[in-house]
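Bear in mind the structure is a predicted one, so any value in this text is a computation, not a measurement. A note on names: the letters A, B, ... follow the listed sequences, proteins ahead of strands, and every chain is numbered from 1.
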There are 2 protein chains.
Amino acid sequence: MNKRQLQKQKTRLHLLKIAKSEFVKKGFLNTTTSEIADAAGIAHGTLFLHFKNKDALIVEILDKELEEINQAIQQMIAEAVDLEQLLLQYLNLLQKEEELFAVLARELPFYNEELRRKILFRDSIIRSHFHRAIELGIKEKKYRDVDVTSAVMFLFGTINYYLSLKSIFIKEGSVIEKFKPSIIKTLKDLLFPV
Amino acid sequence: MNKRQLQKQKTRLHLLKIAKSEFVKKGFLNTTTSEIADAAGIAHGTLFLHFKNKDALIVEILDKELEEINQAIQQMIAEAVDLEQLLLQYLNLLQKEEELFAVLARELPFYNEELRRKILFRDSIIRSHFHRAIELGIKEKKYRDVDVTSAVMFLFGTINYYLSLKSIFIKEGSVIEKFKPSIIKTLKDLLFPV
DNA sequence: CTTTTAAGTGAGTATTCAGTCACCGAGTTT
DNA sequence: AAACTCGGTGACTGAATACTCACTTAAAAG
């Protein structure tokens, strides 16, 4: 790889980093391509040499992030069997990139079909991990018998709700951190051991 | 009231009705003032004689709707004591204006401070009704002792989640209708009678 | 050293919209 | 019936903002 190609790759990574931080700060929809270019210290037009359009930017950022979380969850599943532990680790994982996931929770309904499908697909994989974990616990008589699907939706619905309203409820600090105990407590209340 | 004033009032009400149907169809953010004027059969400028700006339109529509639901809930509380019954009636109430509430659930984070505060205030009143109903049930030993706050948030979080993703999950028909049984079942699972 | 290649530039284009204003004409008052 | 009032009109304005393209410049090739 020559000097030119190296520089281009470097600029590309720099752009991704800057774009992510801008999106986290103001959301994807409220960040203009000019702002990203300015923040990255490049010309506006240059952005479009690296990425086909604005959508391609968020797609790449999210693809990386969601793949990472999926990998981590899969590994957890392989290692841990305790549901509470799994939930706790998942919440910790979300918390690490909480700002970004909050943007996602808020803006998802406004994205185009393709992007939405991509995100919801990853999301559904993670949901299915929890589904299986609960189901297994019930089969092994570790927990009492409840409607697994609605329990999982209840769980993810709440997390999504807290995230989407993050900017309204609390401006500073982590919502996940704040509501973690009550989310875990309620799941335990719901599934308490027999 | 003379002929002119009568006409104006009539146009105003007509505008509110048309605006609501447009908002329900396409969402508040994706409906232009021109579209509303066109649909109502008036000139674009006329809209701004009746309403200070676009925000004022949705504020008035929602104020009416949310006040109605609040009144209804208060009456229910006064009459019924059974929590399941209350939840069922609340869901039916939401279902009646499901399209509008789905728009709300999706777009809320993008509204301005004032509008958001207004909506969340009404929302919190309704939440507090449920909070008190559960708390009372626990005190009277009707239900087992759980964390009331997180149970209520769990409940409202899920409803909000289903509503906000309505357009993604199902295009036709009612999400509330579809998920009503599982929402009620999960609440019962959580609070089952002692 | 000269020519070719391609990354980078930023003023410009196209489009979308909320909101305005000078004018019109129907309805009201004198 | 003349003068006045005020609701209605819609072309226009200005502000965003995603994306383009003719041109510059620095690196690579010959």
Side-chain angles (χ1 to χ4, degrees), chain A residues 1-23 25-62 103 107 110-116, chain B residues 1-23 25-62 103 107 110-116:
Chain A
M1 207 186 283
N2 66 25
K3 207 170 160 185
R4 258 196 208 158
Q5 291 168 311
L6 224 95
Q7 179 55 41
K8 189 169 184 184
Q9 202 186 29
K10 202 177 140 193
T11 305
R12 188 192 162 81
L13 290 176
H14 179 57
L15 268 172
L16 280 171
K17 197 177 140 196
I18 294 290
K20 184 176 160 189
S21 81
E22 293 294 307
F23 291 158
K25 253 187 273 176
K26 292 170 296 197
F28 173 67
L29 300 172
N30 287 318
T31 300
T32 68
T33 49
S34 306
E35 283 169 341
I36 297 169
D38 281 358
I42 59 153
H44 189 193
T46 307
L47 188 66
F48 294 92
L49 294 180
H50 292 276
F51 302 93
K52 191 172 157 281
N53 52 34
K54 195 187 167 190
D55 275 12
L57 258 172
I58 190 90
V59 166
E60 197 155 326
I61 291 167
L62 287 180
V103 169
E107 300 188 344
F110 297 97
Y111 295 159
N112 63 45
E113 277 281 322
E114 190 211 341
L115 184 49
R116 239 171 31 207
Chain B
M1 206 185 285
N2 65 26
K3 208 167 161 184
R4 259 196 205 157
Q5 290 169 311
L6 223 97
Q7 180 54 40
K8 191 169 183 184
Q9 202 187 28
K10 203 176 139 193
T11 305
R12 187 192 163 81
L13 290 175
H14 179 58
L15 270 171
L16 280 171
K17 196 178 142 194
I18 295 289
K20 184 177 160 189
S21 81
E22 294 294 308
F23 291 158
K25 253 187 274 175
K26 293 169 294 196
F28 173 68
L29 299 172
N30 287 319
T31 300
T32 68
T33 49
S34 305
E35 283 169 340
I36 296 168
D38 281 359
I42 59 153
H44 188 194
T46 308
L47 189 67
F48 294 92
L49 294 179
H50 291 277
F51 301 93
K52 191 171 155 283
N53 52 35
K54 195 186 168 190
D55 275 12
L57 258 172
I58 190 91
V59 166
E60 197 156 325
I61 291 167
L62 288 180
V103 169
E107 300 188 344
F110 297 97
Y111 295 161
N112 62 46
E113 277 282 321
E114 190 211 340
L115 185 49
R116 241 174 26 211

From the options dC17(C), dT9(C), dT17(D), select the nucleotide whose nearest atom is closest to the side chain of Ala43(A).
dT9(C)

Between dT20(D) (C1') and Asn53(A) (CG): distance, integer Å
13 Å

Taking NZ from Lys8(B) and C1' from dT28(C), how many angstroms apart are they, rounded to a whole number?
16 Å

How many whole angstroms separate atom CD of Gln5(B) from atom P of dG7(D)?
8 Å

Round to the nearest Å and state the distance from Leu47(A) atom CG to dC19(D) atom P.
9 Å

Less than 4.0 angstrom from a charged side-chain N to a carboxylate O is my criterion; do Arg12(B) and Glu60(B) meet it?
yes

Phosphate-side-chain proximity, Ser34(A) and dT17(D), N/O vs OP1/OP2 below 4.0 Å
no

Does Thr11(A) place a side-chain N or O at less than 4.0 Å from the phosphate oxygens OP1/OP2 of dG8(C)?
yes

Mind checking whether Phe48(A) and Lys52(A) have side chains closer than 4.5 Å, heavy atoms only?
no

Closest to the Lys54(B) side chain: dA18(D), dG19(C), dG27(C)?
dG19(C)

Counting just side-chain N and O atoms, does Thr33(A) come under 4.0 Å of either OP1 or OP2 of dA18(D)?
yes

Looking for any heavy atom pair under 4.0 Å, which part of the strands does Ile42(A) touch: base, sugar-phosphate only, or nothing?
sugar-phosphate

Value in whole Å for how far the C1' atom of dT28(C) lies from CG of Leu6(B)
15 Å

Given atom NZ of Lys3(B) and atom C1' of dC6(D), what is their separation to the nearest angstrom?
15 Å

Quick check on dG8(C): is either OP1 or OP2 less than 4.0 Å from any side-chain nitrogen or oxygen of His50(A)?
yes

Does Thr46(A) have a side-chain nitrogen or oxygen under 4.0 Å from the phosphate oxygens OP1 or OP2 of dT9(C)?
yes

Of the options dG8(C), dG19(C), dC19(D), whose atoms approach the side-chain atoms of Gln7(A) most closely?
dG8(C)

Distance alone, cut at 3.5 Å: any donor-acceptor contact between the side chains of His50(B) and Thr11(B)?
no

Can you measure Leu15(B) atom CG to dG7(D) atom C1' for me and round it to whole angstrom units?
13 Å

Could you state the atom-to-atom distance from CG of Asn30(B) to C1' of dA18(C) in whole Å?
15 Å

Polar pair under 3.5 Å, donor/acceptor by atom type, side chain Arg4(A), base dA27(D):
yes

Give a yes or no on whether the ring-centroid distance for Phe110(A) and Phe28(A) is below 6.0 angstrom.
no

Kindly give the heavy-atom pair with the smallest separation between Ile36(A) and Ile18(A), and that separation in Å.
O-CG2, 3.9 Å

DNA chain D nearest-nucleotide lookup for Glu35(A) and Gly45(A): closer to the 5′ end is Glu35(A)

